[in-house]
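Contents: one structure, followed by commentary.
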2 protein chains.
Amino acid sequence: MDTCKHHRSEPAPRKERLSQALEVLKARGLRITRPRRALLDALLDSPTPRSAEELREDIGEGEDLVTVYRNLDAFERAGLVLRAHAENGKALFHLSSDHRHYHLVICRVCHEAKIIEDCDGDRFERLARDQGYSDVTHTLELHGVCAKCGDKRV
Amino acid sequence: MDTCKHHRSEPAPRKERLSQALEVLKARGLRITRPRRALLDALLDSPTPRSAEELREDIGEGEDLVTVYRNLDAFERAGLVLRAHAENGKALFHLSSDHRHYHLVICRVCHEAKIIEDCDGDRFERLARDQGYSDVTHTLELHGVCAKCGDKRV
DNA sequence: TTGAGTGCAAAGCTTTTGCAGTTTC
DNA sequence: GAAACTGCAAAAGCTTTGCACTCAA
C-alpha cells in the first residue's frame, strides 16, 4: 500500500472527489446530511489543513461547532479525513484524498499550515512496523516561521 | 547545523548531560531551583518523551503541575527541551540533547511514545526553507498500534 | 536584598459527552 | 418507523494566568 504512484499526478477534479467521498459515506452506512455536505464542501475547498473552528467559519451560517467535531470524527473513522497537530496543540484536518505523500509546514507564529509535496514516509512506516507496530501511519510536521510572519518580526 | 555527526554515536553519560544542562540554565540567567533540578532529573531518566503529567508523577512528592509546565516552557525557550504531540493532542517533552535525528512512534491506544533512531529530517527542513520558512525544525510522528495494545485487541 | 521562581486557585481553550428533538433512509 | 444525526448546554481535559509568598543569587 501507499506506493508513490500518485506522486506529482494531477489531483482529481473536485466533482469527482466529492462523489468519491459521498460513496465512502454511503458504503459505511453514514447518512448524508446538510451539515455533512457543508463540511465536505469546506474540506474540498480548503487548500490547506484547517482547524475545526476554521472549518465552521468556512461553512458560516451559524453552524454548530460540536457537529463539526463529531463529523470530523466520523469522517476520520471512515478514513476520509486525516488529522495533524499544530505546535499549539490544536488539531488540523484535511481530506485524506489530498494526502499523496506530502507533508505540512506549520508556522510557529500564525499557525497556518502549508503543504510540501514529498514522497518518503514509507520508509519510516516500515521502521515502525519492524518495531512491532501495526496500523502505522506517519505525519511529518515541520515547524518554522513563515515568510509573512518572519517579515513582521524583523 | 543539525548534521549527522552524532548519529549512532553513544549518548553522553548522564552526569555530563546534567552539567551541560545546568550550564545552559546558568548561561541564560535561569536559576537552579529544587523543582528545576527534579524536573531535569526526570527528563534525564526518561528513555522516551513524557507528558507534563507523567513528568510530575516521575518526580513524585506532590510536585506542582503548574510549575512543571512553567519550567518546561522555560527549558524549551532555552533550547533544552523539545515538544511533540501525541495523537490525542497532549504535549510530550524530551531533552533536546536526546534529539539526534530520531523520530517518535506514538501508540494510538495507550499513547505511549517510543523512539526510532533515524537520520533524514534535514532534507525536509531544507524543503521548508526553500519555501520561505525560517527557524525550521521537524517532528516526524508515526502513529500506530504497539504490540502490547495490538495483542489486547486481538 | 530583590527579582526570579513557586504554589495555590481560578480561568481559558479546545474537545467531548448527554439528551431531547429532528431528519434520513 | 427506527436509528442516525443535530443542536444546545454542560462537562471534561490540558494548559495558562494572577497573585501573594519564598528563595536563589
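Here the structure is a predicted model, which means the values were calculated and not measured. Within every chain, numbering begins at 1; the chains are lettered A, B, ... in the order of the sequence lines, protein sequences first and strands thereafter.
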Quick one: label A:Ala74 by what it contacts on the DNA or RNA (base, sugar-phosphate, nothing), any heavy atom closer than 4.0 Å.
nothing
Could you give the CG-to-P distance, from B:Leu65 to D:dT15, as a whole number of Å?
8 Å
For residues A:Val68 and A:Leu39, report the shortest heavy-atom separation together with the two atoms involved.
O-CD2, 4.1 Å
Please give me the minimum heavy-atom distance between B:Ala78 and B:Val24, naming the atom from each residue.
O-CG1, 3.8 Å
Closest heavy-atom pair, B:Arg34 versus B:Glu63, reported as atoms and distance to 0.1 Å, is NH1-OE1, 3.2 Å
Reading DNA chain C 5' to 3', which nucleotide is the first, and which the last, to come under 4.0 Å of any heavy atom in chain A?
C:dT14 to C:dC25
Counting N and O atoms only, with roles assigned by atom type, does the side chain of A:Arg28 sit under 3.5 Å from a partner on the main chain of A:Arg77, one being a donor and the other an acceptor?
yes
Minimum-distance pair of heavy atoms, taken over all atoms of B:Leu43 and B:Leu72:
CD1-CD2, 4.4 Å
Specify the residue among B:Lys90 and B:Val66 whose closest nucleotide of DNA chain D lies further upstream toward the 5′ end.
B:Lys90
Do NZ/NE/NH1/NH2 and the carboxylate oxygens of B:Asp73 and B:Arg83 come within less than 4.0 Å?
yes
Across the strands shown, which category fits A:Arg36 at heavy-atom distances under 4.0 angstrom: base, sugar-phosphate, nothing?
sugar-phosphate
Atom CZ of B:Arg70 and atom P of D:dT22: how far apart are they, to the nearest Å?
16 Å
Between protein and nucleic acid, restricted to nucleotides 23-25 of chain D and to nitrogen or oxygen atoms under 3.5 Å apart, what atom pairs and distances do you find?
{"unit_1": "D:dA24", "atom_1": "N3", "unit_2": "B:Arg31", "atom_2": "NH1", "d": "3.4"}
{"unit_1": "D:dA25", "atom_1": "OP1", "unit_2": "B:Ile32", "atom_2": "N", "d": "3.3"}

Starting from P on D:dT6, measure out to CG on A:Asp73 and report it in whole angstrom.
12 Å
Axis-to-axis angle across the helix from C:dT1-D:dA25 to C:dC25-D:dG1, five pairs an end, to 10 degrees?
40°
Are B:Leu22 and B:Phe93 connected in a single hydrophobic cluster, I mean Ile/Leu/Val/Met/Phe/Trp/Tyr linked by side-chain heavy atoms less than 4.5 Å apart?
yes
Salt bridge or not for A:Arg36 and A:Asp41, using N-O below 4.0 Å?
no
Give a yes or no on whether the backbone of A:Leu92 and the side-chain of A:Ser51 come within a donor-acceptor separation of less than 3.5 Å.
no
Search all heavy atoms of B:Ser96 against all heavy atoms of B:Gly79 and return the closest pair with its distance.
OG-O, 2.7 Å
How long is the line joining OH of B:Tyr69 and P of D:dG18, in whole Å?
18 Å
Rounded to whole Å, CG of B:Asp64 lies from C1' of D:dC19 at a distance of 14 Å
Is it true that B:Glu54 and B:Lys90 have a side-chain N and a carboxylate O under 4.0 angstrom from each other?
no
